[in-house]
Amino acid sequence: MRLPAEWEPQGFVQLTWPHPDTAWYDLPHVLDCYVEVAKAITRYEPLLIVCRDKAETLADMRSRGFEPSARIRMAECPLNDTWARDHGAISVVGEQGEKAILDFVFNGWGLKFGSDLDNQITRNIYGKGVWAADVKYEDMRPFVLEGGSIDTDGCGTLMATSECLLSLNRNEYLSREEIEAHLSHAFGLRRILWLDHGGIIGDDTDSHVDILARFCSPDTIAFTACDNPSDDNYAALKAMEEQLRTFRTLDGKPYNLVPLPLPEPLYLDDYRLPASYANFLVVNGAVLMPGAGSALDEVAASRLRSAFPGRTVEVIDCRALLSGHGGLHCITMNYPEGF
């Protein structure tokens, strides 16, 4: 089985919808953002909305001028929070067309937050008509893994940070070699590129790779860059950039590296928020990029257009999501075509 790249043809994207008991600082503006994300996704492909209550969710959408179309399906399920990238199923495909969703443990980013309900979402919605009949469910527990902690080129290379995957309260009972073996078996990997540097102040995921560095093609990596020595993120991001320059493709060539500017600092009271243009979502025919409300939005979008030729790059103002310490990629999970 193989872990597909995000730019391969997709069948649908999942959003897990906020409700008043989810831990959002400014729920009305967060819901505004979710509606804009839902509108953008459905311009390109179908959308699955996992929610606590269908009527409540439909009311949220309609009050914001969004009437659900035939491209939207809904599945009710108890939930703690709404970070679909991390509690959603991870999809793999086989050489003979086999399809499987892998259900890993989600434990609230290393036991930081309650996750008893979110850990059960994939199991609870499996069999509700969400997936095609030939999609197999595989329980990967007790291994802890979040979708935002990994990124792939679809050709057998996985990129991840050692800070996250080797952290305490995830799989600390396993050695680095044992973790590599487990991931290689689950995803059909040929190798893992370990980022040993990099991090953004305000991030509470232990440095998920999807805010730091992302494959755009088998030979191109977009990454969060910081060129301001006075910025508190400078040292960690510069060390990451230097390590990225040592990475080689499977045929031994340096990667084409696309620097995405670090967004201008955004704060909630005196807490710096973990804004990142690398937290983009690839959908069929487009790239949806989280905007941070400054001129740097267009700089980052222009660079992503060069990294994804032939795709539209849409910028969505996602500043409201930063109050929950996440972004656009964090709230979504994509599933391949045929799923």
Side-chain angles (χ1 to χ4, degrees), residues 10-89 114 117-118 120-122 124-132 147 268 273 279-293 297 312-335 337 339:
Q10 296 181 17
F12 65 97
V13 170
Q14 174 184 334
L15 283 174
T16 303
W17 204 262
H19 59 71
D21 296 326
T22 50
W24 284 103
Y25 177 79
D26 184 357
L27 184 59
H29 285 100
V30 167
L31 288 171
D32 290 342
C33 184
Y34 265 73
V35 165
E36 293 307 310
V37 172
K39 288 178 180 178
I41 291 170
T42 54
R43 283 195 284 272
Y44 299 97
E45 62 188 78
L47 172 65
L48 167 69
I49 294 178
V50 176
C51 58
R52 181 178 70 172
D53 182 272
K54 289 183 182 179
E56 179 181 56
T57 302
L58 288 169
D60 288 337
M61 290 189 282
R62 287 170 175 153
S63 69
R64 289 164 172 80
F66 182 44
E67 184 64 33
S69 70
R71 277 195 153 184
I72 293 179
R73 299 183 67 178
M74 304 179 77
E76 286 184 323
C77 185
L79 52 96
N80 302 103
D81 214 332
T82 57
W83 304 102
R85 181 63 49 179
D86 296 335
H87 63 239
L117 301 177
D118 290 348
Q120 301 296 323
I121 286 177
T122 298
N124 283 340
I125 66 174
Y126 183 75
K128 290 188 175 182
V130 169
W131 284 279
L268 180 61
L273 299 171
N279 202 240
F280 57 82
L281 173 70
V282 184
V283 293
N284 293 333
V287 177
L288 308 181
M289 191 196 82
D297 290 4
T312 300
V313 174
E314 290 197 30
V315 180
I316 302 173
D317 188 339
C318 288
R319 283 175 288 179
L321 302 180
L322 292 171
S323 68
H325 305 170
L328 178 55
H329 196 251
C330 303
I331 65 167
T332 58
M333 175 55 85
N334 51 284
Y335 296 93
E337 187 175 62
F339 274 64

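Each residue takes its place number in the sequence, starting with 1.
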Gap between atom [atom2] of [Y] and atom [atom1] of [X] - 0.5 Å precision:
X	Y	atom1	atom2	answer
M333	I121	CE	CD1	11.5 Å
M74	L58	CE	CG	4.5 Å
F280	L288	CZ	CG	11.0 Å
E45	R71	CD	CZ	7.5 Å
D32	F66	CG	CZ	13.0 Å
H329	L321	NE2	CG	13.5 Å

**Message:** Given I49, which partner from the list Q14, M61, K54 fulfils the side chain to side chain contact (heavy atoms under 4.5 Å, CB included) test?
**Reply:** M61
**Message:** Given I72, which partner from the list L15, T42, L48 fulfils the side chain to side chain contact (heavy atoms under 4.5 Å, CB included) test?
**Reply:** T42
**Message:** Tell me whether E76 is salt-bridged to R52, with the criterion being a basic N under 4.0 Å from an acidic carboxylate O.
**Reply:** no
**Request:** Given side chain to side chain contact (heavy atoms under 4.5 Å, CB included), test I331 with W83 step by step and report yes or no.
**Result:** CA-CA 5 Å; I331 65 167; W83 304 102; 3.5 Å; yes
For [X] versus [Y], what's the shortest heavy-atom pair and its separation?
X	Y	value
G285	Y44	O-CE2, 4.3 Å
C33	D317	SG-O, 3.6 Å
I125	A75	CG2-CB, 4.1 Å
L273	L322	CD2-O, 3.3 Å
V315	G291	CG1-CA, 3.6 Å
P20	L27	CA-CD2, 3.7 Å

Are [X] and [Y] side-chain neighbours, meaning at least one heavy-atom pair lies under 4.5 Å?
X	Y	answer
V130	F12	yes
D81	W24	yes
L47	R73	no
V37	L328	yes
V35	D60	no
I41	T332	yes
L31	P18	yes
L281	R85	yes

**Item:** Mutual orientation of the aromatic rings belonging to W131 and Y126 [parallel < 30°, tilted 30-60°, perpendicular > 60°]
**Value:** tilted
**Message:** So does A292 get a backbone contact from the side chain of D297, meaning a donor-acceptor N/O pair under 3.5 Å?
**Reply:** yes
**E56 side chain vs C51 backbone, donor-acceptor pair below 3.5 Å** = no
**Request:** Indicate whether the side chain of N284 and that of R43 have a donor and an acceptor atom separated by less than 3.5 Å.
**Result:** no
**Request:** Give a yes or no on this: more than 12 heavy atoms of other residues, nucleotides or ligands lie within 6.0 Å of atom NE2 of H19.
**Result:** yes
